[in-house]
Every structure is written in structure tokens, then in C-alpha cells.
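In this text, all values refer to a predicted model and were calculated from it rather than measured experimentally.
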Amino acid sequence: MVRIIPMASSIKPSLSSLRFSKAACFSSASRRLTSVHLGSAVPQLQSFGLRTCKFFKGAVTIPSVIASGNVAQASTVATQENILDWAKKDKRRMLHVVYRVGDLDRTIKFYTECLGMKLLRKRDVPDERYTNAFLGYGPEDSHFVIELTYNYGVDKYDIGAGFGHFGIAVDDVTKTVELIKAKGGKVTREPGPVKGGKTAIAFIEDHDGYKFELLERGPTHEPLCQVMLRVGDLDRSIEFHEKAFGMELLRKRDNPEYKYTIAMMGYGPEDKNAVLELTYNYGVTEYDKGNAYAQIAIGTDDVYRTAEVIKLAGGKITREPGPLPGISTKITACLDPDGWKTVFVDNLDFLKELE
């Protein structure tokens with residue numbers, strides 16, 4: 001739905017508050033009232049709505065706009081808090097994850113035959129020389145799905161070191177791995193319990209080198225359950241995703257033996273919703289992101305307010321909010337502090353597009 005080719009700030013309220021030192025009080029009053037003798041200035045200034053500022057034996061006045069400036073500043077802070085609070089109440093959901101592949105038909109075959117996904121729709125855009133395919137475990141209006149992009153003539157991409165893996169919940173990890181092996185898939189970790197836990201997991205790779213973590217889990221609404229990305233400052237990233245994206249920190253786990261910490265972020269319990277798994281490896285502050293992984297798309301009721309929230313939280317808007325040419329779907333795009341891209345899509349426009 002959202003193009004992954006590169007696409008093309010907030011106006012901060014200006015506060016009229018004036019900050020005066022004692023000397024400034026004196027010079028401001030004297031400049032404005034040069035025709036008035038200082039000894040008789042006080043009563044006349046008060047008649048103009050000015051209040052007294054005492055700092056010598058005598059008294060001079062300063063504009064009462066200082067007081068109103070403080071009110072304006074407090075109002076601005078309150079407005080910012082309201083906007084940030086709105087992000088947590090906005091109806092948001094992870095819609096799809098977008099990445100590039102070198103052979104679309106081969107990838108579709110592997111995902112449907114080995115991972116049990118369904119091809120939901122396919123769209124060719126010859127004028128811009130690319131094709132999209134949407135795959136997942138249920139309709140796009142209620143499930144998190146994959147959006148594959150094939151660019152004409154490009155058969156290989158660099159995944160980089162920043163992207164981690166996708167997570168898929170399956171009923172039986174061992175049987176799934178056996179099927180994947182039979183279909184020629186690559187298994188990089190055999191089925192077994194996760195270190196320090198009981199959940200059975202395995203890791204596989206598709207033909208483009210994307211890693212998938214298979215998690216043995218009972219029936220779930222959202223089998224495509226995780227996207228793992230590496231970040232350089234976990235606390236900074238958690239704070240940003242809470243404020244800018246309205247996500248909740250579901251859990252955090254440190255593993256000093258293997259020198260990494262993870263944080264699960266999302267819009268609901270991770271056993272029922274797709275979540276973002278942020279990973280911090282001790283001492284690593286930057287990653288090469290390559291050119292294969294593109295972005296996550298998230299639904300919102302208001303892309304314009306979303307852009308304001310992102311700016312307040314320190315994110316970088318890479319596409320100002322507004323409709324896409326041709327289809328009128330309103331979106332906005334941003335980068336988080338680590339440079340990972342996210343696109344926010346208007347909820348109603350998204351549903352109309354699916355029709």
C-alpha cells in the first residue's frame with residue numbers, strides 16, 4: 001500500500017514573554033517614556049496596565065506582558081502534553097512491514113508453502129518499475145502483514161546489520177522446520193528451548209537472507225508477531241516510541257551473559273498483537289542498515305496530529321502529512337533517533353484503499 005521509494009516543521013507557538021533583568025526594566029521604561037520624568041512615571045505607567053518592579057530605592061515599572069507571557073508558556077506546555085497524551089489514545093495498529101526482495105515469485109512460493117501465509121493481493125506499477133505483493137495470515141484490515149517489493153531488474157539487496165528478524169508464532173516448531181528443510185529452506189538454529197526459558201524456538205532464513213524466528217505458541221490472532229530492529233540507545237528508543245508512536249513498553253529483559261537487552265513495544269499484549277522488538281547490544285551505538293529493509297506502516301486517525309507528536313518527541317519528518325498523489329491516501333513518514341523509517345497511514349483512507 002505504501003511505496004517504499006524515497007519520498008520527498010512544526011510551527012512552534014511564539015511566546016511573547018519578555019525576560020528583563022533589573023537594568024532592562026529600567027532601560028525599557030525609560031525608552032518608552034522619554035517624555036515622562038522618572039519621578040512621576042509610576043502612576044502613569046500603572047494606568048497603562050503596567051506593574052511595578054522595585055530594584056532601587058525608587059520604583060520603576062515593567063510590562064505586565066511578562067505575566068501573560070508566563071501564562072502563554074504554561075499554555076504551550078499544556079498543549080504539548082495534550083498532544084502527547086492524544087498519541088496514546090489514538091487508534092493505532094501496526095499494518096504491515098515493507099521490504100525488498102530479488103525474486104518475488106520465489107519469495108511468495110516460500111512464504112505460502114513453508115510458512116503457511118496467504119497471498120492477499122498483488123499490484124504491479126510498470127510506470128515506476130516495481131511490483132508489490134501482500135502476504136499474511138488474515139485480512140489486511142485486521143492483521144499485520146508483509147508487503148514485499150520487487151524493483152524491476154534488481155535481484156539482490158544488502159540487509160545490513162541493523163535489521164534483526166521477523167517473528168512467526170507456530171503450533172509446532174519441529175514440524176515447521178522439517179517442512180522448511182524439505183522445501184530447501186535454510187535452518188540456522190534447530191528447534192529447542194530459548195536460553196533461560198521453556199519456549200521452543202528455531203531460526204530460519206529465506207532466499208534473500210531475511211531471518212525468521214519461529215516461536216511455538218498456541219492459537220493466536222496474529223501469527224506474524226514480531227519485527228526485531230537493533231538500536232544504539234535503548235532507553236532513548238523506548239522513550240521515543242512511547243511518546244511519538246504511543247506504544248507501550250510491554251516488557252524489558254537484560255541478558256548480561258550475551259551482552260544484550262531487549263524491549264518489547266506495541267499496542268497490546270504480545271501474544272495477541274504484532275510487536276516491535278528493540279535490541280541493544282552492549283557498546284554498539286550505530287548499525288549499517290543496508291538497502292533491503294524499508295519500513296513499518298502504522299494506522300492513525302490523524303496523520304497531521306501524528307506528525308506534530310513526532311516532532312515534539314524529537315523525530316524527523318521525512319514526508320509532511322498529506323494525501324498521496326493519485327490515490328488520496330493521507331500519510332506521513334518519519335525517522336526515529338536510530339534512523340529507522342515508519343509511515344503512518346490514515347485509518348479510513350487505508351480501509352477505502354482496500355476496497
- [ ] Look at Arg189 together with Glu213 and state whether they make a salt bridge at an N to O cut-off of under 4.0 Å.
- [x] no

- [ ] Go through the structure and list residues passing side-chain contact (heavy atoms from CB on, under 4.5 Å) with Lys186, not counting sequence neighbours.
- [x] Thr188, Glu205

Task: Residues Asp302 and Lys330 bridged, charged N to O under 4.0 Å - done: no

Open item on the list: Taking the side chain as everything from C-beta on, heavy atoms only, tell me whether Ile159 gets closer than 4.5 Å to Lys211.
Closed with: no

TODO: Assess whether side-chain contact (heavy atoms from CB on, under 4.5 Å) is satisfied between Trp340 and Thr342, documenting all intermediate values.
DONE: CA-CA 7 Å; Trp340 293 113; Thr342 301; 5.7 Å; no

Open item on the list: Holding to salt bridge (charged side-chain N to carboxylate O under 4.0 Å, His left out), I want the full list of residues that pass it with Lys118, two or more places apart in sequence or in another chain.
Closed with: none

Open item on the list: Does anything in residues 160-175 form a salt bridge (Lys or Arg N to Asp or Glu O under 4.0 Å)? List the pairs, not counting sequence neighbours.
Closed with: none

Task: Atom of Ala333, atom of Val343 and distance for their closest heavy-atom approach - done: CB-CG2, 3.9 Å

Open item on the list: Taking the basic N atoms (NZ, or NE/NH1/NH2) and the acidic carboxylate oxygens, is any pair closer than 4.0 Å for Arg121 and Glu140?
Closed with: yes

Task: Qualifying ring-ring contact (aromatic ring centres under 6.0 Å, His included) pairs, either residue in residues 214-236, two or more places apart - done: His143-His221

Task: Connected hydrophobic set around Tyr157, excluding itself, where side chains approach under 4.5 Å - done: Val154

Task: Worked verdict on Ile168 versus Cys225 for side-chain contact (heavy atoms from CB on, under 4.5 Å) - done: CA-CA 6 Å; Ile168 296 181; Cys225 57; 5.7 Å; no

- [ ] Could I get the full list of side-chain contact (heavy atoms from CB on, under 4.5 Å) partners for Thr112, not counting sequence neighbours?
- [x] Ile108, Leu135

Open item on the list: Under a 3.5 Å cutoff, is there a donor and acceptor pairing between the side chains of Asn291 and Asp158?
Closed with: no

TODO: Flag the pair Leu148 / Leu104 as yes when at least one side-chain heavy-atom distance between them is below 4.5 Å, and no otherwise.
DONE: yes

TODO: Hydrophobic side-chain clustering at under 4.5 Å (ILVMFWY, transitive links): who's grouped with Leu250? Put none if nobody.
DONE: Tyr258, Tyr260, Ile262, Met264, Val275

Open item on the list: As a quick check of understanding, evaluate side-chain contact (heavy atoms from CB on, under 4.5 Å) for Asn255 and Arg253, giving each step before the final call.
Closed with: CA-CA 7 Å; Asn255 194 327; Arg253 179 169 60 86; 3.8 Å; yes

- [ ] Kindly give the heavy-atom pair with the smallest separation between Lys243 and Leu84, and that separation in Å.
- [x] O-CD2, 4.1 Å

Open item on the list: For the NZ atom on Lys289, are there more than 12 heavy atoms of other groups (residues, nucleotides or ligands in this structure) within a distance under 6.0 Å?
Closed with: yes

Task: Short N-O contact, Arg129 and Asp124, less than 4.0 angstrom - done: no

Task: Test side-chain contact (heavy atoms from CB on, under 4.5 Å) applied to Leu276 and Leu229, step by step - done: CA-CA 8 Å; Leu276 183 61; Leu229 302 174; 4.0 Å; yes

Open item on the list: If I take atom CD1 from residue Ile238 and atom CG from residue Leu249, how far apart are they, to the nearest 0.5 angstrom?
Closed with: 5.0 Å

For residues 277-286, dump all side-chain donor-acceptor pairs below 3.5 Å to protein atoms at least two apart in sequence or in another chain.
from   : atom 1 : to     : atom 2 : distance (Å)
Tyr280 : OH     : Gly283 : N      : 2.9
Asn281 : ND2    : Tyr287 : OH     : 2.9
Tyr282 : OH     : Asp254 : OD1    : 2.7
Tyr282 : OH     : Asp254 : OD2    : 3.1

TODO: Apply ring pair (Phe, Tyr, Trp, His ring centres under 6.0 Å) to Tyr210 and list each qualifying residue two or more places apart in sequence or on a separate chain.
DONE: Tyr99, Phe163

Open item on the list: Are the side chains of His241 and Asp336 in contact, using a 4.5 Å heavy-atom criterion?
Closed with: yes

Open item on the list: Is the shortest side-chain heavy-atom distance between Val227 and Ile296 below 4.5 Å?
Closed with: yes

Open item on the list: I want to check something: taking the side chain as every heavy atom from C-beta on, are Asp233 and Val231 in contact at a cut-off of under 4.5 Å?
Closed with: no

Task: Partner set under side-chain contact (heavy atoms from CB on, under 4.5 Å) for Leu335, not counting sequence neighbours - done: Lys316, Thr318, Lys341

Open item on the list: So that I can tick it off, tell me whether Lys109 and Asp105 are bridged by a salt bridge, with the cut-off set at under 4.0 angstrom between side-chain N and carboxylate O.
Closed with: no

Task: ring pair (Phe, Tyr, Trp, His ring centres under 6.0 Å) partners for Phe212, two or more places apart - done: Tyr111, Phe166

- [ ] Establish, yes or no, whether the cationic atom of Arg92 lies under 6.0 Å from the six-membered ring centre of Tyr267 and within 45° of the ring axis.
- [x] no

Task: Residues in side-chain contact (heavy atoms from CB on, under 4.5 Å) contact with Pro321, at least two apart in sequence or another chain - done: Val303, Tyr304, Ala307, Thr332

Task: Residues Glu320, Lys311: salt bridge by 4.0 Å N-O rule - done: yes

